[in-house]
Asker: 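Pasting in a structure now, in structure tokens, and then I'll have a few things to ask.
No experiment lies behind these values; they were computed from the predicted model shown.
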Amino acid sequence: MKGKVYLVGAGPGDPELLTLKAVRILRSAEVVLHDDLVGPGVLDIIPKTAQVHNVGKRCGRQSMKQSEINDLLVKFASLGSDVVRLKGGDPLIFGRAGEELEVLRHAGITVEIIPGVSSAQAAAAAAQIPVTHRELASSIVFLAGHHAQGQSADGVIEHLSPKTTYAVYMPGYGYATMSARLITAGLSRETPCAIVSQVATPGERVYRTTLGELAAAPQLPAPTLLFVGEVVRMAEHATLESEAAWWTPESLADRTVPSDFLTPDFVTREPVLRGD
């Protein structure tokens, strides 16, 4: 009898952000194939009796090919084991879940998907950025960094809307190219943007600037996520005490930005991470 495969979202790294179902599935896992960025507190939930394999892919490091991961999933499930494929963030957002689903379905293996807190959700919460807003943004678009920089075959970005929030996953450090393409596609040089680094870890940092100044942004430690859009003006920084005063209901009608409002600035947060 074949086993079952669970595609489980591990969230951004803090075990307290796991769903209750994800914790239950992890605690009963027989085999776990996990991404490299899954937090140690999450891995601690896995029983000592389980087979655990790090199959993560990191830029610049030797890693397992996706086809090899697919083969392992089919192999272990075909032997009757219940397998957890543990992915950072949410498995359905830039997690290659679609490729694994196709292979497992073709092999006749039952699959269940356990959603997780996505990197974009966690990063927005950390920087207190409301990704939608009745006056500022009615939609959100997820982009892969290589797409935003024009490095993919389908990397055409056209007619970007100032009423949309753009969340760029894996932006890398090609900020000059990325900002130029986004500006060419219709966004203003004054559009605010924020880089969130190592969200939900003790090293979490947020850097805010504008598209016009993005090329000069520091290379914060990976993993990072880039937000672009008017809602980034609402990001909460401890050093910007005037920010809350500027964001009043009356100010939405006339969004005149103080000259010093978008000076690039840092904020470092140190959340407390607790295991079970």
Side-chain angles (χ1 to χ4, degrees), residues 1-57 69-70 72-74 76-77 79-105 109-132 140 142 167 169 196-204 223 225 227 236 269-276:
M1 182 177 177
K2 294 180 179 179
K4 184 175 180 179
V5 172
Y6 297 88
L7 304 184
V8 178
D14 183 346
E16 292 190 335
L17 295 178
L18 285 169
T19 66
L20 293 175
K21 188 167 188 176
V23 172
R24 177 172 62 80
I25 296 300
L26 278 175
R27 284 177 172 163
S28 62
E30 297 173 306
V31 179
V32 178
L33 310 182
H34 69 86
D35 284 352
D36 196 52
L37 291 176
V38 173
V42 176
L43 297 178
D44 286 344
I45 298 172
I46 302 170
K48 302 298 183 184
T49 55
Q51 294 187 54
V52 181
H53 303 267
N54 184 343
V55 297
K57 294 177 284 295
I69 297 174
N70 296 343
L72 284 177
L73 289 171
V74 173
F76 286 121
L79 291 173
S81 297
D82 285 338
V83 183
V84 173
R85 177 69 176 98
L86 189 60
K87 298 170 177 285
D90 183 272
L92 299 180
I93 301 178
F94 299 123
R96 302 196 180 187
E99 299 169 49
E100 294 171 0
L101 279 171
E102 288 182 335
V103 170
L104 292 167
R105 288 170 178 171
I109 294 168
T110 302
V111 183
E112 182 174 349
I113 299 173
I114 314 298
V117 174
S118 71
S119 298
Q121 289 175 309
Q128 297 190 23
I129 298 171
V131 292
T132 61
I140 180 170
F142 298 148
Y169 280 67
V196 183
S197 167
Q198 298 187 333
V199 66
T201 74
E204 179 181 286
L225 192 141
F227 287 105
E236 176 65 28
R269 307 182 192 274
E270 296 185 354
V272 177
L273 301 184
R274 300 193 296 271
D276 283 354

Asker: Strictly distance-based, threshold 3.5 Å: is any side-chain N or O of Lys4 a donor or acceptor partner for the main-chain N or O of Thr110?
Answerer: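 Checking the backbone N and O of Thr110 against the side chain of Lys4, no donor-acceptor pair under 3.5 Å is found.
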Asker: Report yes if some heavy atom in the side chain of Ile129 is under 4.5 Å from a heavy atom in the side chain of Glu236; otherwise report no.
Answerer: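 Heavy-atom side-chain distance check fails, nothing below 4.5 Å.
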Asker: Take Glu112 and Ile25 through the test side chain to side chain contact (heavy atoms under 4.5 Å, CB included) and record every step on the way to the result.
Answerer: CA-CA 11 Å; Glu112 182 174 349; Ile25 296 300; 5.7 Å; no
Asker: When you look at Asp82 and Val31, which way does the side chain to side chain contact (heavy atoms under 4.5 Å, CB included) test go after all the steps?
Answerer: CA-CA 7 Å; Asp82 285 338; Val31 179; over 6 Å; no
Asker: Looking only at atom types and distance, does a side-chain atom of Asp35 sit under 3.5 Å from a main-chain N or O of Leu37, one as donor and one as acceptor?
Answerer: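 It does not hold such a pair.
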Asker: Starting at CG of Leu43, measure out to CG of Leu86 and round the result to the nearest 0.5 Å.
Answerer: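 Interatomic distance, Leu43 CG to Leu86 CG, rounded to 0.5 Å: 6.5 Å.
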Asker: Start with the C-alpha gap between Thr49 and Glu30, add the side-chain angles, then the distance that decides, and say whether side chain to side chain contact (heavy atoms under 4.5 Å, CB included) holds.
Answerer: CA-CA 7 Å; Thr49 55; Glu30 297 173 306; over 6 Å; no
Asker: Return the CD1 to CD distance between Ile46 and Gln51, rounded to the nearest 0.5 Å.
Answerer: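 Answer for the CD1-CD pair, Ile46 versus Gln51, is 12.0 Å.
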Asker: Do Arg105 and Glu100 sit within salt-bridge range, that is, some charged N less than 4.0 Å from a carboxylate O?
Answerer: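 A salt bridge is absent here (no side-chain N lies under 4.0 Å from a carboxylate O).
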Asker: Salt bridge or not between Glu102 and Arg96? Use side-chain N to carboxylate O under 4.0 Å.
Answerer: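 Arg96 and Glu102: not salt-bridged.
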Asker: Could you grab the distance from atom OG of Ser118 to atom CZ of Phe94, nearest 0.5 Å is fine?
Answerer: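 Reported value, rounded in 0.5 Å steps: 10.5 Å.
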Asker: Begin from the C-alpha positions of Leu18 and Ile45 and carry the test side chain to side chain contact (heavy atoms under 4.5 Å, CB included) through to its verdict.
Answerer: CA-CA 11 Å; Leu18 285 169; Ile45 298 172; 3.5 Å; yes
Asker: What is the minimum heavy-atom distance between Val42 and Pro15, and which atoms define it?
Answerer: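 Closest heavy-atom pair between Val42 and Pro15: CG2-CA, 4.0 Å.
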Asker: Is a donor from one side chain sitting under 3.5 angstrom from an acceptor on the other, for Thr201 and Glu204?
Answerer: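 The answer is no; no qualifying pair exists.
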Asker: For the residue pair Leu73 and Val103, establish whether any side-chain heavy-atom pair is separated by less than 4.5 Å.
Answerer: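 Of all side-chain heavy-atom pairs linking Val103 with Leu73, none is under 4.5 Å.
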Asker: Check whether any side-chain N or O of Tyr169 sits under 3.5 Å from a backbone N or O of Ala120 as a donor-acceptor pair, and report yes or no.
Answerer: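 Side chain of Tyr169 to backbone of Ala120, a donor-acceptor pair under 3.5 Å: yes, one is there.
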Asker: Can you tell if the side chain of Asp90 reaches within under 4.5 Å of the side chain of Val117, non-hydrogen atoms only?
Answerer: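 Counting from C-beta outward, Asp90 and Val117 never come under 4.5 Å.
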Asker: For residues Phe227 and Ala167, report the shortest heavy-atom separation together with the two atoms involved.
Answerer: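 In terms of heavy atoms, the two residues are closest at CE2-CB, 3.9 Å.
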Asker: Can you see which heavy atom on Ala122 is nearest to which on Val199, and at what distance?
Answerer: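 So the two residues come closest at O-CG2, 3.5 Å.
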Asker: Gly116 and Pro91: which non-hydrogen atoms are nearest, and at how many Å?
Answerer: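 That closest heavy-atom pairing would be N-CD, 4.1 Å.
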Asker: Working to the nearest 0.5 angstrom, can you tell me the gap between Ile113 CD1 and Lys87 NZ?
Answerer: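 NZ of Lys87 is found 9.5 Å from CD1 of Ile113.
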Asker: What distance do Leu225 atom CG and Gln198 atom CD have between them, rounded to the nearest 0.5 Å?
Answerer: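 Answer rounded to 0.5 Å: 13.5 Å.
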Asker: Going from CG on Leu26 to NZ on Lys21, what distance comes out if it is rounded to the nearest 0.5 angstrom?
Answerer: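 The distance works out to 12.5 Å.
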Asker: Taking the side chain as everything from C-beta on, heavy atoms only, tell me whether Tyr6 gets closer than 4.5 Å to Val111.
Answerer: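 Contact flag for Tyr6/Val111 side chains = no.
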Asker: Taking all heavy atoms of Pro12 and all of Ala200, pick out the closest pair and write down the distance.
Answerer: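 Heavy atoms only, the tightest pair is CG-CB, 3.8 Å.
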